[in-house]
Every structure is written in structure tokens, then in C-alpha cells.
K.L.:
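Here it is, the structure, as C-alpha cells.
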Amino acid sequence: IKKIGVLTSGGDSPGMNAAIRGVVRAGLSEGLEVYGVYDGFLGLFQDRMSKLDRYSVSDMINRGGTFLGSARFPEFREEGTRVISIENMKKRQLDALVVIGGDGSYMGAKRLTEMGFPCIGLPGTIDNDVAGTDYTIGYFTALETVVEAIDRLRDTSSSHQRISIVEVMGRYCGDLTMSAAIAGGCEFIVLPEVEFKPEDLVYEIKAGIAKGKKHAIVAITEHICNISELAQYIEKETGRETRATVLGHIQRGGSPVAYDRILASRMGAFSIELLLQGYGGRCVGVQNDKLVHHDIIDAIENMKRPFKSDLLECAKKLY
Ligand code: ADP
């Protein structure tokens, strides 16, 4: 192979820039030409890409977001859109594409691979919900952000003997919520992987109040329930002032922590190694601190992320 493309797609995450840099610099070191595609699959379809040199990624290692831009482009599910996208890449004689994104973006990469255009997927998302990897690029940065927010809530909740509910991102994966809750010393954790009954939560909060707890922080993953309504319900049942806080997109921003930069750099360089070895249709992961790669189709269709029940058990002992 001689020429490759790289794009970032779906929800952005801190460390995507470091991953692009890894792909570009490692690619150039191996004598490849690297094209950056703007705004994910949308830019691929619209033929917006340009050749990158080593200075295109200068001062990027520590910058949050993605300088290539990202987009949601549902039309990429249509085959005709993908045919045009592949034509755009072939016109420039690109041989392969590195896709940095979450599981939705992996679907796009999988489809292109099935149509004969080899892609390598790198897991870029704060949600840590991608199969075939222990951690995704951006997860540890978001974790720091959430823990800092919980620390702040703790100060004010404790001063006012208040109950705080904090909604954490993660889509349908509770990793970010659970880790942040343990690090932030939250009293209660509500995760998508475990059935949730508001009355059980109220029961536990009341038990905590009876034990003399001055405040309670409940960490809950997004998409489980309307947390404003949950707060009203808890306030009604316990008689304690209850506030809901949705952290929202704050969690996606910021300079990546060292671990995310290292992971992104390693994975970016690894994607080039795989392409040079003739691989296509693979997704990169880190498992037990070793870089691994899986068939992208198999990863999406068959690999499940194990739920870390031991972490939840640990958290419950510390309530
Ligand atoms: P993430 O990659 O963060 O999970 P999305 O789920 O929004 O984010 O996916 C990002 C993009 O990937 C979508 O906007 C679309 O362009 C592409 N994509 C998602 N699912 C498919 C699919 N089934 N087929 C083709 N492309 C897809």
C-alpha cells in the first residue's frame, strides 16, 4: 500500500487528535502518503480530504476534540452513498482507510470493508462501549472530568444535606458511571447493565439517612430515566432536597490525560503496522495492556463487553 486516508467519526473524544497524529506520523515514517478526511463519513462522501504532512499534526498531541472534525451522517447506511465514497478514495488512489470512532463508526468501516475497501477501526469514544478492547481513547479523560464534577457536587451537597443525582454519559455502557462513582465515593450507582427500580433506590437512601449520612450522591448513566422526575420522586419520598445534574457535553471536552495520549499514539502507529502487514477489516484494541486486533465484523456482531460485576460489588461494600 502507498496511500491511506484517516477520519474521525461519531461523537468526538479527547485523544482523537493524538490518534490522528499517530496514524499520520507512523504512516509518513513508513513512506506512506496520508490523507485527512474532514467531518467523518460526510466528508468522505463529499470528497473533502487533503494530504497531511508531519506539521499538519504539530501541537495536536494535547488538544481535545478532533481537528479533522466529526459528523453524524446517517445516509452512510445507504449503499449508494458508500459507493460514491469509495469512488472518491479510488480517484486519489487510496488503498485503505483508518476510521477513528465508536461502534456506529465501526459499522461504517465494516460496510466499506465488505464492499472491498479495507478499513482499520480505532476505538475513539468516551463511552468505553466498544467490543474487543479494555479501554477506548478518551475514556480516562472523561473519567477525570466526571470525578472532578462529582467532587464539586459533594462539597455543596454535604453543606446543605442534599441528595444529588448526577447523570453520566456512556450510552448503554455503565463503565464511566461506575468508575467515576467509585473514584468519587458516590453512595449509589445506577447502571444500564443492572435492572433499576426507583423504589429500591429510595429504600437504600432512607437506610443511609437512618445511618446518619449527611448527603447522598447518586451516579446514574444517561438514557435510564428522566433524572429530574427521579429527583422529584426521591425528594417526595425522603423529605430531603434533591437536585439533578446532567453533566452533558462537558464530559467530551478537555485536553486528553496522559493515558489517552499514549493509547492513541500506540493505536495509531499499530494501525499502520497492520496495514503494512496486509491486514484490512480489523479493529484495534488494548487487552491486558497489549495491543490486539480483531476482525471488525466479528467484533461488532459477536464480541460482547463483559460487565465488571466485581467493581460493582466493591462499590456496594463501600456505600
Ligand atoms: P459513534 O461512532 O460514536 O458510535 P454514531 O453511532 O453516530 O457514533 O456513528 C457515527 C457514524 O457512523 C454515523 O453517523 C454514520 O455515518 C456511520 N454509521 C453508523 N451506523 C452505520 C451503519 N449501520 N452503516 C453504515 N454507516 C454507519
Side-chain angles (χ1 to χ4, degrees), residues 5-17 19-20 23 37-49 64-66 68-89 97-133 135-139 141-142 168-176 192 221-223 248-249 251-253 256 260 263-264 267 271 280-285 294-305:
V6 57
L7 61 79
T8 49
S9 165
D12 66 328
S13 74
M16 278 184 159
N17 278 326
I20 300 166
V23 171
V37 182
Y38 298 99
D39 301 327
F41 294 124
L42 174 68
L44 197 63
F45 171 66
Q46 294 174 337
D47 199 24
R48 288 188 287 116
M49 51 186 107
T66 157
L68 287 177
S70 186
R72 309 270 184 197
F73 181 51
E75 292 81 358
F76 207 67
R77 289 163 198 267
E78 294 157 25
E79 188 168 354
T81 313
R82 297 196 300 273
V83 168
I84 292 170
S85 303
I86 290 177
E87 277 169 12
N88 290 339
M89 290 191 280
L97 178 70
V98 179
V99 172
I100 306 165
D103 52 0
S105 304
Y106 272 25
M107 283 300 290
K110 170 189 142 161
R111 295 261 186 266
L112 290 177
T113 302
E114 283 170 344
M115 292 165 72
F117 199 91
C119 295
I120 301 281
L122 303 186
T125 167
I126 65 164
D127 298 333
N128 212 36
D129 60 351
V130 178
T133 188
Y135 300 112
T136 55
I137 298 163
Y139 169 70
T141 304
V168 179
M169 280 183 167
R171 288 226 278 193
Y172 303 101
C173 174
D175 281 15
L176 189 57
T221 312
E222 62 183 338
H223 304 312
H249 281 98
Q251 297 164 95
R252 291 252 196 91
D260 279 331
L263 190 63
M267 287 180 162
S271 66
R282 310 295 291 181
C283 57
V284 171
H294 304 284
D295 184 280
I296 199 165
I297 298 168
D298 186 44
I300 288 174
E301 288 177 357
N302 305 318
M303 293 172 77
K304 284 261 169 291
R305 290 187 58 79

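All values derive from a computational prediction rather than experimental measurement. Counting starts at 1 for both ligands and their atoms, following the listed order.
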K.L.:
Which of parallel (below 30°), tilted (30 to 60°) and perpendicular (above 60°) describes Phe73 and Phe76?
P.N.:
tilted
K.L.:
For atom 6 (O) of ligand 1, what is the closest protein heavy atom, and at what distance to 0.1 Å?
P.N.:
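I find the closest protein heavy atom is Gly104 CA, 3.3 Å.
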K.L.:
Minimum heavy-atom separation for Leu112 and Ile86, please, with both atom names.
P.N.:
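Closest pair (atom of Leu112, atom of Ile86, distance): CD2-CG1, 3.7 Å.
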K.L.:
Under 3.5 Å between some N or O of ligand 1 and some N or O of Phe41?
P.N.:
no
K.L.:
For Ala71 versus Ser9, what's the shortest heavy-atom pair and its separation?
P.N.:
O-OG, 4.4 Å
K.L.:
Using a plain distance cutoff, I'd like to know if Met107 has any nitrogen or oxygen under 3.5 Å from a nitrogen or oxygen of ligand 1.
P.N.:
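For ligand 1, there is no N or O atom that lies under 3.5 Å from one belonging to Met107.
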K.L.:
Identify the protein heavy atom lying closest to atom 11 (C) of ligand 1, giving its residue, its atom name and the separation to 0.1 Å.
P.N.:
Ser9 OG, 3.5 Å
K.L.:
At a non-hydrogen distance cut-off of under 4.0 Å, which region of Glu78 contacts ligand 1 (side chain, backbone, both, or neither)?
P.N.:
neither
K.L.:
Just heavy atoms, cut-off under 4.0 Å: does Arg111 contact ligand 1 by side chain, backbone, both, or neither?
P.N.:
side chain
K.L.:
Are more than 12 heavy atoms from other residues, nucleotides or ligands located less than 6.0 Å from atom CD of Glu79?
P.N.:
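Atom CD in Glu79 is not packed in, count stays at 12 or less.
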K.L.:
For ligand 1, which atoms have a heavy atom of Gly10 less than 4.0 angstrom away?
P.N.:
1 (P), 2 (O), 3 (O), 8 (O), 10 (C)
K.L.:
Considering only the protein, which heavy-atom contact is closest to atom 13 (C) of ligand 1, and what is its distance?
P.N.:
Phe73 N, 3.9 Å
K.L.:
Short N/O distance, under 3.5 Å, between Arg82 and ligand 1?
P.N.:
no
